[in-house]
Amino acid sequence: MITITLKDGTQKQVEKGTTVYQIAKDISEGLARVAIGGEINGKKVDLMHKVNDDVALNILRFEDEEGKEFLRHTSSHVLAQAVKRLFPGTKLAIGPAIENGYYYDFDTDHRFTQEDLEKIEAEMKKIVKEKLELERFELSRDEAIALMQEQGEDYKVELIQDLPEDAIISFYKQGEFVDLCAGPHVPSTGKIKAIKLLSVAGAYWRGDEKNKMLQRIYGTSFEKKKDLEEYLHRLEEAKKRDHRKLGKELDLFSLQEEGPGFPFFHPKGMVIRNMLEDFWRDEHVKRGYEEIKTPIILNESLWHQSGHWDHYKENMYVTKIDDQDFAVKPMNCPGSILMFKRKMHSYKDLPIRMGELGLVHRHELSGALHGLMRVRCFTQDDAHIFMLPDQIKDEIMGVIDFVDYFYNIFGFKYHIELSTRPEDSMGTDEEWELAINALEDALKEKNIPYKVNEGDGAFYGPKIDFHLEDCLGRTWQCGTIQLDFQMPQRFDINYVGADGEKHKPIMIHRVIFGSIERFIGILIEHFAGKFPTWLAPVQARILPITDRQLEYATQLKNRLISQGIRIEVDTRSEKIGYKIREAQLSKVPYMLIIGDKEMETETIAVRSRDKGELGAIEVSTFIEQVKEEAINKSL
RNA sequence: GCUGAUGUGGCUCAGGGGUAGAGCACUUCCUUGGUAAGGAAGAGGUCGGCAGUUCGAUUCUGCUCAUCAGCUCCA
């Protein structure tokens with residue numbers, strides 16, 4: 001007999017080799033029906049798992065995130081099984097559960113079409129109806145390889161060969177289908193109640209672009225039909241607020257064939273951009289930053305000195321001027337450093353905080369371009385802080401507070417990730433350790449939880465990344481703080497210390513928006529185009545009821561413009577209902593309706609985009625309200 | 001860059017080997033209507049670009065460019 005400690009602390013004696021399913025069943029009949037697996041000493045296992053030692057067991061249920069993951073994992077096997085049934089000879093690669101679904105990679109000469117997806121989905125539903133039980137079995141390495149070779153699964157053979165010596169090689173079998181898999185799974189294909197295949201796309205074998213491109217089928221599945229419907233609904237909602245769609249509809253920006261990845265900002269998009277930049281400037285002045293502007297084209301020797309030529313050249317645009325090589329800047333730091341070098345600095349001057357809204361160009365792969373989120377030229381709201389070693393922590397914490405303040409203005413939640421030294425990097429181990437420790441210390445002192453991304457840092461230093469969460473729960477990397485001991489050495493920049501000797505300052509690179517272009521893209525989706533009053537390209541639209549009010553409308557417009565309110569007049573001879581509809585669709589925060597009544601009493605009938613009719617108020621009252629809303633940046 | 005799909009008036013899309021069509025938007029006229037679509041007429045496109053097949057191509061083929069989905073990469 002062995003002892004099982006359950007999550008609530010109770011203990012239970014069971015026979016050695018008892019399955020998790022049996023234990024769940026013994027605890028309660030009802031639990032066995034909703035259980036899909038367990039967590040033994042923190043490791044996830046399925047119901048088929050046999051318990052052989054004293055362990056702590058936590059029964060996982062369908063409603064748990066883990067439960068959903070098991071279900072998606074099994075679904076990927078069902079997908080593979082369906083494909084094997086319909087397209088024999090297809091070779092299987094890998095098929096994991098992912099955040100909202102699963103995928104499976106296939107190698108076949110047949111090109112999967114949309115119709116194929118429908119057929120495959122139908123076959124999957126059949127497999128679900130068959131309620132095939134999943135059986136787990138283990139094989140020795142040689143047996144495993146032999147089995148997979150027999151089935152012609154070359155990719156699986158490769159996977160097995162790469163498994164570590166002591167790995168347990170397990171398989172799962174459902175009906176006629178057997179797949180190499182570590183598990184865990186749900187006990188039967190019948191547990192999957194709702195299945196949907198979403199798309200097919202190419203993916204490299206093992207994620208390496210040197211390898212063969214396989215075909216990847218994406219799908220999702222749920223234990224309840226309702227959950228699937230909700231998920232599909234959420235996808236629809238996300239589509240509706242896609243910044244590329246809204247950017248076109250609201251006339252904010254565009255991308256032209258003549259400049260792939262180089263966005264055009266329209267007058268209305270420019271208003272948003274300018275408001276963001278104004279806000280950015282105000283806040284930086286308050287925090288002791290100085291603003292600079294450096295050129296976008298600089299000569300090759302600068303980029304050699306900075307290390308970009310060696311580490312970043314594939315992404316740089318180069319040109320020749322008077323027979324000399326030049327490059328368009330992909331980053332702003334070298335320019336800032338030249339600015340620092342223009343004169344001698346005393347230790348008393350530090351920290352020096354230099355901000356720049358810097359336009360950079362990067363040659364991104366054509367397939368990576370995506371609206372405003374991924375472009376080839378963008379403006380970084382960059383700043384470089386030059387400081388003494390003992391100022392590092394305070395400066396980093398200052399930036400963290402700054403970022404926090406900034407994101408709250410827009411109602412964003414965020415989380416933080418710390419990236420460490422990449423393979424292609426400069427500097428010594430000691431410097432990297434010092435830099436990483438400085439970032440970690442600041443985070444710990446602020447008591448902020450963070451995730452570590454090994455090897456994901458910049459080539460000159462580690463970084464803290466801020467990942468925004470929008471209202472649909474999607475995340476976007478925006479702000480980053482990067483610590484740099486390299487550039488000051490490479491450029492030999494110095495300050496004079498209290499001892500009268502030269503010393504190397506330490507440098508922070510940081511952005512808050514990340515790129516203004518991307519940030520605007522995120523804002524469009526976050527607000528679904530309904531910008532708060534302070535950002536709205538048009539804050540109010542005057543809607544005259546008849547042509548008799550046109551002249552008054554123009555006077556009113558001029559009055560509001562002189563008060564700094566962004567305003568339009570709809571002068572068309574249309575009915576008021578129609579004008580309201582259009583104003584609402586263009587997401588203007590306020591509609592100001594004027595008819596004979598309002599004209600006589602010098603009032604306006606205000607209709608809010610979000611709250612509907614607000615009734616008639618004095619023009620001066622409206623002006624005050626809008627001004628206040630804009631100043632407070634109310635959401 | 002790779003794999004697949006797409007590319008028709010400002011926008012959303014239909015069509016199809018014999019030199020193009022709808023709705024919305026736009027212009028003009030009628031209507032002057034009080035909180036999400038009043039009516040009529042008009043203007044607007046070398047069907048992404050370049051070649052090829054054909055008596056004839058926007059439609060078929062090839063190449064190319066751009067976009068979309070994903071991979072890779074990233075602010």
Side-chain angles (χ1 to χ4, degrees), chain A residues 103 105 111-114 116 198-218 239 242 244-245 248-249 251 254-261 312 314-315 330-332 358 360 362-382 419 456 458 463 465-468 476-480 482 509-519 521-522 543-550 572-586 591-598 605-609 612-616:
Chain A
Y103 65 79
D105 286 347
R111 293 271 154 250
F112 293 124
T113 61
Q114 198 55 45
D116 289 337
L198 298 170
S199 61
V200 57
Y204 302 108
W205 166 235
R206 298 195 148 183
D208 189 333
E209 59 185 323
K210 289 181 196 79
N211 288 339
K212 185 167 182 186
M213 174 79 62
L214 308 173
Q215 291 186 77
R216 173 172 297 178
I217 296 179
Y218 283 89
K239 239 189 198 166
D242 188 312
R244 293 166 300 187
K245 181 173 176 286
K248 204 181 273 179
E249 286 172 7
D251 196 20
S254 60
L255 287 149
Q256 314 279 345
E257 279 200 20
E258 289 77 1
Y312 208 73
E314 326 75 75
N315 283 316
M331 293 183 193
N332 300 301
V360 297
R362 298 181 186 177
H363 182 79
E364 300 293 346
L365 294 176
S366 57
L369 302 178
H370 180 93
L372 288 181
M373 302 301 197
R374 195 74 186 282
V375 289
R376 283 179 173 159
C377 81
F378 55 100
T379 303
Q380 288 184 309
D381 62 314
D382 225 332
S419 297
D456 223 18
K463 58 177 183 171
D465 291 325
F466 293 81
H467 295 256
L468 283 189
W476 305 94
Q477 198 213 306
C478 291
T480 102
Q482 307 182 349
H509 311 244
R510 52 109 277 203
V511 290
I512 300 179
F513 288 136
S515 103
I516 294 182
E517 287 75 3
R518 177 181 287 183
F519 200 82
I522 295 167
L543 310 180
I545 290 180
T546 72
D547 291 349
R548 284 192 301 280
Q549 289 86 33
L550 281 183
R572 296 173 304 176
S573 308
E574 295 290 348
K575 284 192 176 173
I576 194 65
Y578 184 73
K579 293 184 184 180
I580 287 171
R581 178 187 151 81
E582 295 227 320
Q584 189 74 36
L585 290 176
S586 53
M591 288 152 257
L592 311 180
I593 291 126
I594 48 172
D596 289 335
K597 264 188 283 175
E598 287 75 18
V606 180
R607 182 190 164 99
S608 146
R609 170 188 69 194
E613 271 187 79
L614 298 182

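Numbers restart at 1 for each chain; the letters A, B, ... are given by sequence-line order, proteins then strands. Only this structure's heavy atoms are used, side chains among them; waters, hydrogens and symmetry mates stay out.
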Quick one: label [X] by what it contacts on the DNA or RNA (base, sugar-phosphate, nothing), any heavy atom closer than 4.0 Å.
X: A:Arg607; value: base
X: A:Arg362; value: base
X: A:Ala583; value: nothing
X: A:Lys463; value: sugar-phosphate
X: A:Glu314; value: nothing
X: A:Glu613; value: base
X: A:Val360; value: nothing

Lys/Arg-Asp/Glu bridge criterion (N-O < 4.0 Å) met for A:Glu582, A:Arg572: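 Between A:Arg572 and A:Glu582 there is a salt bridge, with a charged N closer than 4.0 Å to a carboxylate O.
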Between [atom2] on [N] and [atom1] on [X], what's the gap in Å once rounded to a whole number?
X: A:Asn211; N: B:rU72; atom1: CG; atom2: P; answer: 12 Å
X: A:His370; N: B:rA69; atom1: NE2; atom2: C1'; answer: 10 Å
X: A:Glu258; N: B:rU67; atom1: CD; atom2: P; answer: 11 Å
X: A:Gln482; N: B:rC74; atom1: CD; atom2: C1'; answer: 12 Å
X: A:Leu468; N: B:rC74; atom1: CG; atom2: C1'; answer: 15 Å
X: A:Asn315; N: B:rU72; atom1: CG; atom2: P; answer: 17 Å
X: A:Ile580; N: B:rG38; atom1: CD1; atom2: C1'; answer: 15 Å
X: A:Arg374; N: B:rC68; atom1: CZ; atom2: P; answer: 13 Å

State, yes or no, whether a side-chain contact exists between [X] and [Y] at a heavy-atom distance under 4.5 Å.
X: A:Arg376; Y: A:Ser366; answer: yes
X: A:Gln584; Y: A:Met591; answer: yes
X: A:Glu598; Y: A:Ile593; answer: no
X: A:Glu314; Y: A:His363; answer: no
X: A:Phe513; Y: A:Thr379; answer: no
X: A:Asn315; Y: A:Pro330; answer: no

Closest listed nucleotide, where the reference is the side chain of [X] and the choices are [options]:
X: A:Arg518; options: B:rA75, B:rC71, B:rA69; result: B:rA75
X: A:Pro260; options: B:rA75, B:rU67, B:rA36; result: B:rU67
X: A:Arg244; options: B:rA69, B:rA37, B:rA75; result: B:rA69

Taking [M] as the reference, what is the distance to [N] when you measure between their [atom1] atoms (whole Å, please)?
N: B:rC11; M: B:rG18; atom1: P; result: 27 Å
N: B:rA51; M: B:rU12; atom1: P; result: 29 Å
N: B:rG33; M: B:rU8; atom1: P; result: 43 Å
N: B:rG9; M: B:rG15; atom1: P; result: 15 Å
N: B:rG49; M: B:rA66; atom1: P; result: 15 Å
N: B:rC47; M: B:rC60; atom1: P; result: 14 Å
N: B:rG39; M: B:rG21; atom1: P; result: 24 Å
N: B:rC30; M: B:rU67; atom1: P; result: 46 Å

Return the 5'-most residue of the pair A:Cys377, A:Gly371 with respect to RNA chain B, ranking by each residue's nearest nucleotide.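 The 5'-side residue here is A:Gly371.
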OP1, OP2 of B:rC71 versus side-chain N and O of A:Tyr218: anything below 4.0 Å?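 Yes.
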Under 4.0 Å from OP1 or OP2 of B:rA36: is there any side-chain N or O of A:Gln584 that close?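 The answer is no; no side-chain N or O of A:Gln584 sits under 4.0 Å from OP1 or OP2.
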Any N/O pairs under 3.5 Å between the protein and nucleotides 8-13 of chain B? List them or say none.
| unit_1 | atom_1 | unit_2 | atom_2 | d |
| --- | --- | --- | --- | --- |
| B:rU12 | OP1 | A:Lys248 | NZ | 3.2 |

Within the distance-only criterion (no hydrogens, no angle test), does the side chain of [X] pair as donor or acceptor with the backbone N or O of [Y] below 3.5 angstrom?
X: A:Asp381; Y: A:Gly514; answer: yes
X: A:Gln215; Y: A:Phe112; answer: yes
X: A:Lys579; Y: A:Pro544; answer: yes
X: A:Gln549; Y: A:Thr546; answer: yes

Per-pair stack call A:Phe513 and B:rA75, 5.5 Å, 30°: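 By the stated criterion, A:Phe513 and B:rA75 do not stack.
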Which residues satisfy the salt bridge (Lys or Arg N to Asp or Glu O under 4.0 Å) test with A:Arg244, sequence neighbours excluded?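 Partners of A:Arg244 by the salt bridge (Lys or Arg N to Asp or Glu O under 4.0 Å) criterion, ordered by chain and then number, come out as A:Asp242.
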A:Asp382: partners by salt bridge (Lys or Arg N to Asp or Glu O under 4.0 Å), with sequence neighbours left out: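 Result, salt bridge (Lys or Arg N to Asp or Glu O under 4.0 Å) vs A:Asp382: none returned.
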Given that both distances must come in under 3.5 Å, which nucleotide forms a Watson-Crick or G-U wobble pair with B:rA5?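 Result: B:rU67.
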For each nucleotide in nucleotides 1-7 of chain B, reading 5' to 3', give B when a protein heavy atom comes within less than 4.0 Å of its base, S when such contact involves only the sugar-phosphate, and - otherwise. BBBS---
Please tabulate, one pair per line, each protein N/O and nucleotide N/O from nucleotides 30-33 of chain B that are separated by under 3.5 Å, including the distance.
| unit_1 | atom_1 | unit_2 | atom_2 | d |
| --- | --- | --- | --- | --- |
| B:rU32 | O2' | A:Arg548 | NH1 | 3.1 |
| B:rU32 | O2 | A:Asp547 | N | 2.9 |
| B:rU32 | N3 | A:Asp547 | OD2 | 2.9 |
| B:rU32 | O4 | A:Asp547 | OD2 | 2.4 |
| B:rG33 | N7 | A:Ile545 | O | 2.6 |
| B:rG33 | O6 | A:Ile545 | O | 3.3 |

Taking only residues two or more places apart in sequence or in another chain, which ones pass ring-ring contact (aromatic ring centres under 6.0 Å, His included) with A:Phe378?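 Listed in chain order: nothing, the list is empty.
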Between the base of B:rG34 and the side chain of A:Gln549, is one N or O donor paired with an acceptor at under 3.5 angstrom?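 Looking at the base of B:rG34, it does not pair with any donor or acceptor on the side chain of A:Gln549 (distance under 3.5 Å).
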